[in-house]
Structure formats: structure tokens, C-alpha cells
Amino acid sequence: MSETRRKLTTIFCADVQDYTRLMGADEEGTLASLKRCREAMGRLIESHGGRVINTWGDGLIADFPSVVEAVRAAVDTQNELAGFNARRPADGRMLFRIGINLGDVIVEGDDIYGDGVNIAARLQASAAAGGIVISSTVYDQVRNKVAVGFEFLGPLMVKNVDEGVPSYAVKIGDARDETPPAERSGPAQPQPQPAVMAAAISEARPAPRGSRLYGVLAVIAAVLICINLLSWQGIFWARFPVLALAVVAALAWNRDQTLFNRKITSLAIVALGIAGINLFTWTGQFWAMWPILGIAAVMGVRWSMRR
């Protein structure tokens, strides 16, 4: 039996954008191009001290002992493949997406497993065609050591990982004309921290889809209240649909927030919704305390397990 152990390593995942479409259009030509691109990628990975672990379909996974060399290998790969694709028609280009993560993995023989690998695969899936996305653990190690730009993308949700994984897109185009940070003239500028970058980007970008949802829900709630008032018969029935809309808005906010544990926060929102129903149907008894107590017990168990 092969020995099982753990190690900290840099995981490099890559696959081809629209591979199924390319295969449908030209199987033999696509396979030939894939082989050529993989050979180039494997050569660059090895030249940067990495090791190709596995290939499947159009995918590839490798690991590196050096985080910096992993990012350099990815940049060199995309630059070389850009030259290859420049000579091909637009609908026949083989564009790879690359994701890189630094994490603890399980090693079995020549293969690696675990959340560190899953995060790298999720980063790769979120990358643009011909692009690179890295985790914050990688960014922290390479931000002053590789002559590329970075764009903070926000938290990336990964299966089996409760909190979002902060991610960055590597701006390869900026690297071709940019002088390495160590060689720039003038006083060194302080590097903005991820939280500061996130705030600055959120201010510069248009409002996210969640903001539009809140606006729609607010308009619906206002319309229901107006209908209730204009057709007043002594009963404020709009309080129940408005409460339901408030719960929906809170759950939508919880889906995108990264300050608190989402599962625990969703239980708290449900508890508040039950308390609201109890108050709106008040008959002198606070029956909501029992379901709220059950929810609080579940929240306590989850919190203690996280500890």
C-alpha cells in the first residue's frame, strides 16, 4: 500500500475553455492542439521546478515547492500559448484557464487530494479564458516578487469550505510593460491590504446584483403596504408578506457576506422570522421561544464544532 502523508504545496490547475465545442468542431485537430499545448505547459512547469501530477480530458494538475515559481510558470504558459493562438482562427483557439492555490494537501503515492486541491480547481473554473486566478494565500507570497498586476475579485465560494476564499486575477498584460517593484524609482508605496482593496473596488464598481434585489423587494413591500392602506378594512394584512420579503432580503445578504459564518447567520435570520410571526399573531403567548431555543442549540453545536 502507498504511504499517506500531508504536505504544504502550491497547486496549479488548468483546463481548456469551451473544450467540448472545440472537440465537436474538429476532434483530430483539437487533440493535436491539446497535445502540443500540454507539452509546452509541461516543459514550462518543469523548468520552474514544478511537477505534473495528473492529466484528464482537457485538464492538468501540477504542484510546486515554490509559490513564486508556480505563478511565473502560469504567466509564461499563458504568454507562450497566446503566441500559439495568435496564428489560429478566433473560433479555433485553445485558451486555458489556470488556478493556483497554496494549501495543505493529502499525498497518496503520486497524487494529491484535499481542500487545497478543490480550491485550486474552483479558482481555475472562475478564471477568464487565457487568464489566471490565485488565492489570497498565493497573493500574499508573490505580490512583491512577480512583475504582474493583480485585481481583487472578492471571496470565492468553494464546496465544503464555510468561508469564501479571497481571490485575485493576475493581470498578465500589465506584466509585459511593467518594471518589477524592486527596480522602480522613487519611494516605495505601501501595498494595500486585501480588505482595503476590496472596499476600494466595491466603491468603483457598479452596484452588485444583490443591491438590485433589495430594491425590487423594497418596491414590492411598499406596493403591498399601499394596497393594504388604500383598501383598509381594519386589518393590516401586509405585515406578513412584508415580513417574508424581509427574510428573503436577509437571506440574500447572507449569501454574499463574508463577515460571519453563513450557516449560523441563516439560522439566526430564520429565528428572527419566527419571532416576527409570533409578534404579528400575538395572543398573549410567546410560543416562538421553543423553535428559537432549538435553533439556538443547533447554532451552539455548530459554533463549538468550529472551535
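Remember, it's a predicted structure, so these values are computed and weren't measured experimentally.
Expressed to the nearest 0.5 Å, how far CD1 of Ile106 lies from CZ of Arg5 amounts to 12.0 Å. To the nearest 0.5 Å, atoms CD1 (Ile61) and CD (Gln124) are separated by 9.5 Å. The distance from atom CE of Met41 to atom CG of Asp76, rounded to the nearest 0.5 Å, is 12.0 Å. With values rounded to the nearest 0.5 angstrom, Thr77 atom OG1 is found 7.5 Å from Ile132 atom CD1. How far CD1 of Ile53 is from CG of Asp111: 7.5 Å, rounded to the nearest 0.5 Å.
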request  = Report the C-alpha separation of Leu123 and Ile100 in whole Å, then their side-chain angles, then the decisive distance to 0.1 Å, and conclude whether the side-chain contact (heavy atoms from CB on, under 4.5 Å) test is met.
outcome  = CA-CA 7 Å; Leu123 293 167; Ile100 305 175; 5.9 Å; no
request  = Let me see the working for Asn101 and Ile134 under side-chain contact (heavy atoms from CB on, under 4.5 Å), right down to the final yes or no.
outcome  = CA-CA 6 Å; Asn101 179 46; Ile134 62 176; over 6 Å; no
inquiry  = Under the criterion side-chain contact (heavy atoms from CB on, under 4.5 Å), I'd like the reasoning laid out for Arg36 against Phe84: C-alpha separation, chi angles, the key distance, then a yes or no.
reply    = CA-CA 10 Å; Arg36 180 175 175 181; Phe84 169 73; 3.4 Å; yes
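Tyr168 is not listed as a side-chain neighbour of Leu153, based on a closest heavy-atom distance of 4.5 Å or more. Side chains of Phe152 and Ser167 form no contact here, defined as non-hydrogen atoms less than 4.5 Å apart. Counting only heavy atoms from C-beta outward, the side chains of Phe64 and His48 approach each other to under 4.5 Å. Contact check for Ile274 versus Trp287: side-chain heavy atoms found under the 4.5 Å cut-off. Taking the side chain as every heavy atom from C-beta outward, Asp58 and Phe96 never approach each other to under 4.5 Å. Within the 4.5 Å cutoff, side-chain heavy atoms of Arg38 are placed close to those of Thr55. A heavy-atom distance below 4.5 Å is not found between the side chains of Val16 and Leu95. The shortest side-chain heavy-atom distance between Leu60 and Phe12 falls under the 4.5 Å cut-off.
Pairing each heavy atom of Leu22 with each of Thr30, the nearest pair is O-OG1, 2.9 Å. Minimum heavy-atom separation, Pro166 to Gly164: CD-O, 3.4 Å. Of all non-hydrogen atoms in Arg6 and Asp104, the two that sit nearest each other are NE-OD2, 2.5 Å. The shortest non-hydrogen separation linking Gly273 to Leu243 is O-CD2, 3.8 Å. Shown here for Ala288 and Ala275, the closest heavy-atom pair between the two residues is CB-CA, 4.1 Å. Closest approach of Thr137 to Leu102, counting heavy atoms only: OG1-O, 3.1 Å.
In this view, Asp15 and Arg97 satisfy the salt bridge (Lys or Arg N to Asp or Glu O under 4.0 Å) rule, not counting sequence neighbours.
Under the 4.5 Å side-chain heavy-atom criterion for Ile, Leu, Val, Met, Phe, Trp and Tyr, Ile225 and Ile235 are members of distinct hydrophobic clusters.
Look at Asp91 and Arg21 and you find no salt bridge, because none of the NZ, NE, NH1 or NH2 atoms lies under 4.0 Å from a carboxylate O. Look at Arg43 and Glu80 and you find a salt bridge, because one of the NZ, NE, NH1 or NH2 atoms lies within 4.0 Å of a carboxylate O, short of that distance.
For Arg72 and Ser66, the side-chain atoms include no donor-acceptor pair closer than 3.5 Å.
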